[in-house]
Amino acid sequence: MSDIEVIPHNSFDTILVLDNGSQYTHLITRRLREINVYSEMLPCTQKLAELTWKPKGIILSGGPYSVYEEGAPHIDPAFFELGVPILGICYGLQEIAHRLHADNVVAGTAREYGHADLKATRFGGHVDKLFEGLEDSMTVWMSHGDKLCNLPEGFHTIGETKNSEYAAIAHKSEPVYGIQFHPEVTHTPQGGQLLKNFAVGICGAQQTWSMSEFIGREIIRIRNLVGPTGQVLGAVSGGVDSTVAAKLLTEAIGDRFHAVLVDNGCMRLNECETVKEVLQKQLGINLTVVDASEEFLNGLKGEHDPEKKRKFIGGKFIDVFEAEARKIEAQSSGKVEWFLQGTLYPDVIESISFKGPSQTIKTHHNVGGIAERLMAGHGLKLIEPLRELFKDEVRELGRQLNISEELVGRHPFPGPGLAIRVLGEVTKEKVDMARKADHIFIGMIREAGLYDDIGQAYAALDPSRAVGVMGDKRVYANIILLRAISTKDFMTATPYPFAYDFLTKVATRIVNEVDGVCRVAYDFTSKPPGTIEME
Ligand SMILES: Nc1ncnc2c1ncn2[C@@H]1O[C@H](COP(=O)(O)OP(=O)(O)OP(=O)(O)O)[C@@H](O)[C@H]1O
Ligand SMILES: O=c1[nH]c(=O)c2[nH+]cn([C@@H]3O[C@H](COP(=O)(O)O)[C@@H](O)[C@H]3O)c2[nH]1
Ligand SMILES: NC(=O)CC[C@H](N)C(=O)O
Ligand SMILES: [Mg+2]
């Protein structure tokens, strides 16, 4: 297979989703991949002439604008001439109607958010294909203020609700469909089947997208990219994303992949030993552990500000990596030309989305731009084998690569580690306290069988001391904060509803076993307004 052939949209039938800025656009892509149809998302500003591949069909997503307002985004008309089936969802439907006549879409008198009952009408022939196999009346989920006030010329009405006369339309002779409701959300129970009807039944996309197919192709792509002698460097944390990416690189090029785990002095209890054991021994990854804990802890002395702490840690990570790149070059036969990064599709979507990147609340991810500096300083090129995948797809990929369920299901752990879980200035003693408390808390969560039910859990240290009495003696000691959250995507979260009894037992053990701690508190804050980490 050539390099071109292994790129997913060149080798799988692909449904293109054009994003008009909806909150749910990525879900359309997810739903299609779940039924083994490959799908990619691009912003609604995409020009057909600049697209290097031909989609099997096109879905126009919802969006926050009104099609008739000035500055509202409009799809490149060339997509309508391409001759492939088109499905417009909400704003997408309104866009289809509006381009045929500007009077077709108006502000509705009643906004419609939530459930609606849709009645389908059948006409015979291709217009029935969207609702094929579905009941004539179905529950759908709506979220709109505008509506179609006329049936666009050349279309049939194939579905209506009480509030939307033209809730679903189909062109009489061409494969162009529009629906006012959202099939991609779970609140539309038959939405998955409807998307399948479009992608498979109408577009004729083959359901061949699967993780094992992906692995085989990705390995070939990496080998082609790196060539027979190229060396690749990768920052590996023991977290899910970097471990899966590292295993894939190992399968592709063996020891020419050099994984580096940095001990920043703020790792969890036994973290580096465990990661070394699992990655090196069990997964056969060529791993070097660099103990830079003193450098990190010394540099953090006297620093109280969360963002300055993050910036320092990010910068230090890069220094360690640059030094490591030089060492590898001195030892190995070739120049290090590539850098592995575990970027996921949500990061890609965020950077290309029509909504634009979201505001920076914290300096996150990929530890302060390691890749950027290595690319600029050393001329390294990026390899991002996971950039087409969602987190649960990465987990599935991990399973197929024989990575243990325990590792694949791990809670995320931030690059700066315990340094952002010790409030204010970081010292070794404080990190030790947070680390011990965290070990007890996570251990008890596991024993209680709650680990997989929780999105992320940890113990943090608040060094503003409180008074306590222990063994009849007055103590003046630190406070441990416990945090555990439920979340789907880590963008929003709610505190995990532990039983009172469980928290009491955790508190007792922590106060008894962690020197320097006399109180334990549980954080009940949701995100927003809180964040998941303390700093
Ligand atoms: N201690 C570390 N040593 C080397 N690289 C690290 C370390 N911590 C973080 N990184 C790098 O920063 C990246 C971003 O970290 P992030 O926590 O988002 O991902 P992850 O650790 O791979 O997965 P997870 O989200 O499950 O923790 C990692 O993929 C890894 O490349
Ligand atoms: O690699 C990382 N480097 C960081 O600096 C960082 N800060 C937060 N996180 C993780 O991101 C998710 C959301 O965290 P917040 O609600 O605190 O922003 C949670 O999963 C956090 O653990 C980080 N990951
Ligand atoms: N969810 C949507 O796509 C909404 C489209 C448009 N903004 C409306 O209110 O009707
Ligand atoms: Mg991590």
Side-chain angles (χ1 to χ4, degrees), residues 4-5 7-20 22 25 28-29 31-33 35-63 67 73-102 104-105 122-132 148 151-159 166 168-180 183-184 193-209 354:
I4 299 289
E5 281 166 335
I7 294 173
H9 59 229
N10 290 339
S11 48
F12 296 95
D13 288 346
T14 303
I15 303 294
L16 170 63
V17 178
L18 289 175
D19 175 31
N20 290 304
S22 160
T25 310
I28 306 172
T29 308
R31 293 288 98 80
L32 291 170
R33 290 194 193 177
I35 55 160
N36 306 101
V37 172
Y38 188 64
S39 169
E40 274 184 29
M41 179 187 131
L42 288 171
C44 55
T45 46
Q46 176 69 42
K47 294 275 172 282
L48 178 66
E50 284 159 19
L51 196 69
T52 55
W53 49 281
K54 186 173 177 188
K56 221 31 199 171
I58 298 168
I59 296 181
L60 314 178
S61 84
V67 274
H74 296 291
I75 301 296
D76 177 2
F79 280 108
F80 290 92
E81 309 299 321
L82 188 61
V84 303
I86 293 180
L87 171 66
I89 296 175
C90 202
Y91 184 93
L93 157 77
Q94 296 163 2
E95 172 75 356
I96 290 171
H98 177 81
R99 65 185 293 277
L100 293 176
H101 201 290
N104 281 346
V105 183
R122 319 265 167 186
F123 290 86
H126 92 99
V127 290
D128 292 349
K129 278 190 166 174
L130 196 62
F131 291 152
E132 203 165 277
L148 268 59
L151 180 64
E153 205 185 319
F155 281 77
H156 278 308
T157 304
I158 56 168
Y166 311 108
I169 62 172
H171 194 273
K172 288 176 182 163
S173 57
E174 284 159 26
V176 179
Y177 303 81
I179 49 182
Q180 186 59 71
E184 68 275 23
Q193 182 61 40
L194 187 148
L195 287 171
K196 183 174 173 186
N197 284 349
F198 177 71
V200 181
I202 295 167
C203 301
Q206 289 191 47
Q207 294 170 274
T208 46
W209 163 255
F354 184 61

Between the main-chain N or O of [Y] and the side-chain N or O of [X], is there a donor-acceptor pair closer than 3.5 Å?
| X | Y | result |
| --- | --- | --- |
| Ser22 | Ser61 | no |
| Asn36 | Thr208 | no |
| His126 | His171 | yes |
| Asp13 | Gln206 | yes |
| Gln207 | Ile35 | yes |
| Asp19 | Cys44 | no |
| Thr14 | Tyr38 | no |

Show the nearest heavy-atom pair for residues [X] and [Y], with the distance to one decimal.
| X | Y | result |
| --- | --- | --- |
| Pro55 | Val84 | O-CG1, 3.5 Å |
| Ile96 | Tyr177 | CD1-O, 3.4 Å |
| Thr29 | Ser39 | CG2-O, 3.3 Å |
| Leu32 | Ala199 | CD2-CB, 3.7 Å |

Counting C-beta onward and ignoring hydrogens, is there a side-chain heavy-atom pair between [X] and [Y] closer than 4.5 Å?
| X | Y | result |
| --- | --- | --- |
| Leu51 | Leu16 | yes |
| Cys90 | Gln180 | yes |
| Asn10 | Thr52 | no |
| Ile169 | Leu151 | yes |
| Val176 | Phe155 | yes |
| Asn104 | Arg99 | no |
| Thr25 | Val17 | yes |
| Leu42 | Leu18 | yes |

Is the charged tip of Arg122 near the ring of Phe131: under 6.0 Å from the six-membered ring centre and within 45° of its axis?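 No, a cation-pi geometry is absent between Arg122 and Phe131.
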* **Residues forming a side chain to side chain donor-acceptor pair (under 3.5 Å) with His74, sequence neighbours excluded** =>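 Per chain and number, His74 pairs via side chain to side chain donor-acceptor pair (under 3.5 Å) with Glu95.
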